[in-house]
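Presented below is the structure to which this report refers.
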Amino acid sequence: MAQKFHHTLKTIQSAQIDPQDRLFAISLPWLPLDPLLRSVRENGILSPLHLQPATPGRFRIIMGFRRFEVARELGFQEIPCIVREEESQLTLFVQAVEDNLVTRPFHLLEKAHLLLKLRDTFGLSDQVLMDDFMSLLDIRVDRFHLQQYLSLARLPEPLQRAVLDPLEPEVALKLSSWKSEEQEFFQNLVSKFRLGRNKQKQLFALLDELRDSTALTPSGPGSRVSIPILWQQSGAAEIGEDERLSLSDRFAKAFEVLYRKRFPRLSSYEQEYQKLKSALKLPPRIQFHAPRYFEGEKIDVSFAFESSDELFETAKKLEEISQSDEVRKILELL
Amino acid sequence: MKSYKPEKIFVERAVQDLTITRNVLERLPEVPTEYIDSRESLLQESQRWNPTLGRTKKSLILAQHKGCFFKPCPGSRAREGLKSVCCNYFVINYASNCHMECSYCYLQSHLNFPYMTVYANCEDLLSELQVAFSESPQRSFRIGTGELADSLALDLLTSYSVPLVEFFSGQKNAVLEFKTKSNCIENLLDLEHGGRTVVSWSMNPRFIQEREEHKTATISERLEAAERCVEVGYPVAFHLDPLIFYESWEVDYKHLIEEIFDRIPTSSVSWISMGSLRMTGSLKEMMRKRFPNSFLPLGELVPSEDGKMRYFKPIRVGMYRKLLDWIRDKNSEIPVYACMESPSVWREVFQDTPGEEELGREILHSLV
């Protein structure tokens with residue numbers, strides 16, 4: 001895509017540059033600028049901005065949005081520039097993409113917006129995006145991934161900002177099907193409990209399914225209970241505020257009450273199993289392991305010992321519990 | 001049943017003169033047809049463009065099957081040492097995909113090639129079967145065509161059933177099963193079947209059929225079709241699969257079983273299978289997307305040993321036991337089996353875990 005271009009190196013008053021004209025912008029205005037700020041403060045603008053004349057005496061930025069933003073913040077009155085005059089808009093934009101790519105990695109959202117801009121502003125077809133741009137951006141080339149990226153770029157801004165921190169992109173995409181107050185509520189939970197990727201996904205799936213379950217009626221889908229109300233009604237809200245517990249314990253217990261609501265029969269079996277196991281008063285060296293989700297017929301028992309006496313004590317304990325009601329009832333659960 | 005009419009037919013040149021192809025083109029003269037060298041280009045296109053299933057199902061591909069048509073049922077495949085109790089079943093993949101839209105259908109997330117496809121080289125299929133049956137004359141084969149497609153849903157277009165029924169009528173050690181949710185049985189009624197073809201229906205209560213089995217024949221239509229098959233001497237079978245757990249399941253399934261036995265003479269019922277709702281994680285996701293009003297993914301489904309999600313074991317054991325009791329109240333002889341279930345569930349329901357040869361023999365007992 002390399003092309004020759006005619007240029008004039010100039011110094012232009014910063015007031016002549018219109019940062020609101022974002023035709024060629026790749027970076028998102030709300031992405032952090034900290035490392036660049038440090039560099040420009042210490043060294044000034046090392047690479048000139050590329051500008052295009054817009055209206056008489058005014059210029060739009062082709063390359064250098066972030067540099068300009070930083071220069072403005074630092075109070076620069078004059079900006080070194082190359083003024084580009086002849087090329088087509090698309091050519092200039094593609095050059096801007098390539099120029100940015102060699103100097104810094106793109107954020108996922110920048111890639112998403114870039115694809116959307118190429119499609120919606122510059123009119124490129126999905127086929128061209130897949131053929132010419134997705135590999136360039138290090139994205140797997142297929143329609144599914146293209147759609148995922150375009151969907152990310154179309155998310156409401158609050159959700160996009162949340163993708164920076166704390167939301168996982170795939171969770172953000174799924175969250176878009178919720179109402180905005182539910183999205184915000186979920187983001188607050190993620191921030192509050194500092195949830196990583198897996199926990200975000202698990203919590204989303206649980207809440208989403210519980211919310212849809214509330215709409216089930218014999219005659220068909222009814223109205224859903226909202227996520228904040230679900231959180232409140234399940235008792236998770238109260239647990240979440242319990243300052244006697246650590247943050248991770250609060251989340252684990254809140255998750256558990258929701259899980260019990262989603263899987264009532266399984267949970268009652270699990271509780272019964274735990275109750276029976278506790279009644280056996282097993283020493284820590286003897287462990288009972290029920291099959292996962294009670295799919296199976298056998299309880300695994302493991303034990304450890306350091307001496308012959310300890311082994312003998314373990315054998316005695318196992319013999320003692322083998323005829324107990326609790327063991328019989330545990331086996332009946334399987 | 002909502003009949004299928006494609007928007008476009010693609011014909012591989014290798015099958016353009018075959019009977020099945022001619023049948024389809026004669027019955028759909030108004031549908032645009034394109035002749036292609038290979039369906040490979042369509043596969044690549046679908047992988048690249050990831051079109052929706054609703055879109056791809058509008059294209060019917062008449063293709064040449066180049067591999068083996070005839071395979072053991074995947075239910076019998078051991079996976080990491082875990083094995084379901086198997087009924088020694090074989091499948092013929094004469095077609096793939098289905099235009100009916102059951103919310104729970106595993107084909108949604110299973111097929112790489114998402115177009116409606118019929119393999120028109122039926123002669124190759126019959127030759128392959130002839131060789132297999134001749135090589136193992138002592139062995140009994142129970143073979144179904146309903147694994148990757150409904151056995152009869154396209155039959156009024158293809159008439160695929162005709163050569164199959166006629167071929168099996170002459171076999172001593174093999175039985176063919178057409179498994180369907182359609183009522184497309186017209187082609188079967190005048191054929192010499194020799195009792196070697198079993199026509200079977202997947203059955204669910206009306207509540208489930210109406211909400212979850214879109215475009216299929218109603219339960220009344222299925223039973224009426226079964227009655228007509230029985231009238232001309234076909235053995236029939238029923239698959240209570242997938243069993244769905246919901247508030248009034250007991251009343252509804254009991255009523256369904258009563259309805260079946262009220263209308264179909266027990267002497268004509270060759271077997272009844274039961275299988276609980278099961279789905280992979282990707283199917284669950286697909287169902288939530290394609291059928292957002294379906295309540296099935298919201299059931300108490302947990303991962304089983306084979307990785308698929310099923311109802312929590314006590315739920316499904318409870319359902320199997322009740323169904324078995326209701327069936328046994330009607331008839332104590334009809335073979336009843338659980339499909340794709342673990343040995344532990346079998347033991348709890350049937351007090352026994354048969355070997356696959358034994359179970360296959362028991363099911364086939366009345367026919368071969």
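Only a predicted model underlies this, so the values are computations on that prediction, with no experimental measurement involved. The sequence lines fix the lettering, A, B, ..., with proteins before strands; numbering per chain opens at 1.
Using a 4.0 Å cut-off between charged side-chain N and carboxylate O, B:Arg222 and B:Glu259 make no salt bridge. A salt bridge links A:Glu272 to A:Lys275: one of the charged nitrogens lies within less than 4.0 Å of a carboxylate oxygen.
Of the residues considered (A:Asp131, A:Leu146, A:Val141), A:Asp131 shows the highest number of contacts with chain B, using heavy-atom pairs under 4.5 Å.
Heavy-atom distances place both the backbone and the side chain of B:Pro303 under 4.5 Å from chain A. For A:Gln127, the parts lying near chain B are the backbone and the side chain together; criterion is any non-hydrogen pair under 4.5 Å. At a 4.5 Å heavy-atom cutoff, the contact between B:Ile315 and chain A is made by side-chain atoms alone. Interface remark: A:Pro264 contributes backbone and side-chain atoms alike to the contact with chain B (heavy atom separation under 4.5 Å). Residue contact with chain A, scored on non-hydrogen atoms closer than 4.5 Å, is absent for B:Lys289. Heavy atoms of B:Glu210 lying under 4.5 Å from chain A are absent altogether.
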| field | Audit row: B:Tyr115, B:Phe10, ring-ring contact (aromatic ring centres under 6.0 Å, His included) steps and yes/no | value | CA-CA 10 Å; B:Tyr115 300 91; B:Phe10 293 89; 7.1 Å; no
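Side-chain atoms of B:Gln108 come within 3.5 Å of backbone N or O of B:Ser103 as a donor-acceptor pair.
In this structure, the side chains of A:Trp178 and A:Phe185 stay at 4.5 Å or more apart for every pair of heavy atoms.
Under the 6.0 Å cut-off for aromatic ring centres, A:Tyr269 and B:Phe312 qualify, their centroids lying closer than that.
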